[in-house]
2 protein chains.
Amino acid sequence: MNNNQHIQLLINHINQDVILDNDVIKKLSSIIVFNELNKKEFLIEPGETADSMNFIVQGCMRSYYLDENAQEHTLQLGIEEWWINDLYSYLSRKKSRMYVQALEKTLLIQLPRLELEKLYIEVPEISNFFRIKIQNAYVAVQERVIDSMSDDAYERYDNFRKSYRNIEQRVPQYIIASYLGVTPEFLSYLRKKHS
Amino acid sequence: MNNNQHIQLLINHINQDVILDNDVIKKLSSIIVFNELNKKEFLIEPGETADSMNFIVQGCMRSYYLDENAQEHTLQLGIEEWWINDLYSYLSRKKSRMYVQALEKTLLIQLPRLELEKLYIEVPEISNFFRIKIQNAYVAVQERVIDSMSDDAYERYDNFRKSYRNIEQRVPQYIIASYLGVTPEFLSYLRKKHS
DNA sequence: TTCCATTCTTAAGATACCTTAAGTTTTTTC
DNA sequence: GAAAAAACTTAAGGTATCTTAAGAATGGAA
């Protein structure tokens with residue numbers, strides 16, 4: 001695949017929510033930065049500030065943080081046509097406390113914050129699109145709070161498999177466990193019990 | 001207290017984040033709606049759509065939802081000078097699945113969405129202010145996900161007391177339990193054990 | 001002031017989930 | 001293709017939290 005096809009993937013994705021004309025597509029294309037990450041490579045590490053929106057063209061990524069006991073907790077997973085970021089750092093412009101990492105060799109389209117914000121002024125559709133994305137991110141996080149309070153671990157795992165059918169096979173189980181908030185051993189036990 | 005003093009409370013609150021001149025204050029004042037709720041009265045119930053931003057002038061409120069087993073789960077608590085809402089419903093304009101309820105006789109200042117959005121166009125400071133509030137809401141929810149994965153129930157209770165010192169005394173313990181994600185019996189047990 | 005409803009506590013027994021440790025399987029590296 | 005590293009499984013024993021049920025304390029209404 002060449003860069004034009006990659007850009008087309010992004011345009012099609014955005015077109016699902018708002019309509020972009022050719023002029024806007026040209027403007028948007030002009031601020032795109034491609035970034036290729038190897039497996040296990042970090043896009044963001046604690047102390048850095050997230051300064052772009054990141055669209056996965058090809059590959060698989062996650063964001064996670066380490067608690068006081070150096071335990072990993074995965075906050076977000078993403079594959080092709082998902083956005084990945086530390087949205088907190090991006091929005092607040094403060095230093096991240098998280099890692100954003102490639103789980104496979106991954107190709108990203110990045111939209112730098114400063115140039116994107118200039119585009120918002122000229123192109124309300126782009127502004128609307130990211131407003132919707134940020135709303136969705138809020139809803140997704142709130143859903144997790146709700147789930148973590150009302151569901152037990154197996155129900156959460158079951159929900160996860162339904163919502164992320166394509167992701168499950170590509171991600172090690174210990175990372176799924178760290179997303180669900182259980183130990184890998186307990187997830188393994190649950191899988192056996194319900195199989 | 002009279003309405004002008006109540007409006008002043010809101011203005012002072014907003015002034016902590018952005019600077020409003022007299023002209024803006026006049027415009028903002030003109031869209032304010034006061035709303036008084038009795039104890040246990042609902043501001044929002046499932047099926048309704050949140051159509052205003054709601055600032056607590058006096059009183060205490062919470063938002064919660066019921067899971068499949070009719071268990072209450074408290075998502076947000078607020079007292080004087082806090083905002084309370086179902087932000088998901090407000091932002092997405094979809095029907096709420098939550099209750100937003102007064103825990104005491106409560107006086108609100110409401111800013112209707114349609115008029116507020118008109119103001120955003122004229123007054124970027126107001127738009128910025130709510131952008132910051134929504135960012136903060138996102139961060140707060142994400143903090144809860146992180147806490148629920150890394151802390152045990154007593155740590156969460158301890159964090160809650162530090163963050164919401166003024167709220168703890170005004171809210172029944174079973175509601176705090178439903179915020180922390182534990183049973184009231186277990187919270188009672190924890191309090192005794194650590195006292 | 002009394003009564004009824006609401007909230008809080010206590011305790012016993014049950015369950016979900018964790019810790020540790022060891023062995024097995026799969027993936028990566030050279 | 002062999003060796004090393006990473007990921008997964010199993011199982012035993014422990015801890016955190018829940019369920020149920022009953023009684024005690026508190027608060028609101030008449």
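As the structure is a computational prediction, the values presented were derived from the model and not from experiment. The chains referred to below are lettered A, B, ... by the order of the sequence lines, with proteins before strands, and numbering in each begins at 1.
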- Task: For R161(A), look at atom CZ and say whether over 12 heavy atoms of other residues, nucleotides or ligands are found less than 6.0 Å away.
- Result: yes
- According to the interplanar angle, ranging from 0 to 90°, do the rings of F129(A) and H13(A) count as parallel (below 30°), tilted (30 to 60°) or perpendicular (above 60°)? perpendicular
Measure all distances between protein nitrogen or oxygen atoms and nitrogen or oxygen atoms of nucleotides 3-5 of chain C, and list the pairs falling under 3.5 Å.
none

- Query: Is R62(B) salt-bridged to E72(B), cutoff N-O under 4.0 Å?
  - Reply: yes
- Look at the rings of Y179(A) and Y164(A) and say which category their plane angle falls in: under 30° parallel, 30 to 60° tilted, over 60° perpendicular. perpendicular
- Query: Under 4.0 Å: is that the gap between some side-chain N or O of Q173(A) and OP1 or OP2 of dA6(D)?
  - Reply: no
- Item | Under-4.0 Å salt bridge between R93(B) and D51(B) | no
- Message: With a 4.0 Å cut-off on N to O distance, would you call R156(B) and D152(B) a salt bridge?
- Response: no
- Query: Y64(A) and H73(A): aromatic ring centres closer than 6.0 Å?
  - Reply: no
- Assign a letter to each nucleotide of nucleotides 14-30 of chain D from its 5' end: B, base within under 4.0 Å of a protein heavy atom; S, sugar-phosphate only; -, no contact. ---BSBBB------S--
- Query: For residues 140-159 of chain A, which residue pairs qualify under ring-ring contact (aromatic ring centres under 6.0 Å, His included), counting only residues two or more places apart or in two chains?
  - Reply: Y154(A)-H194(A)
- Specify the separation, in whole Å, of atom CD of E72(B) and atom C1' of dT7(C). 13 Å
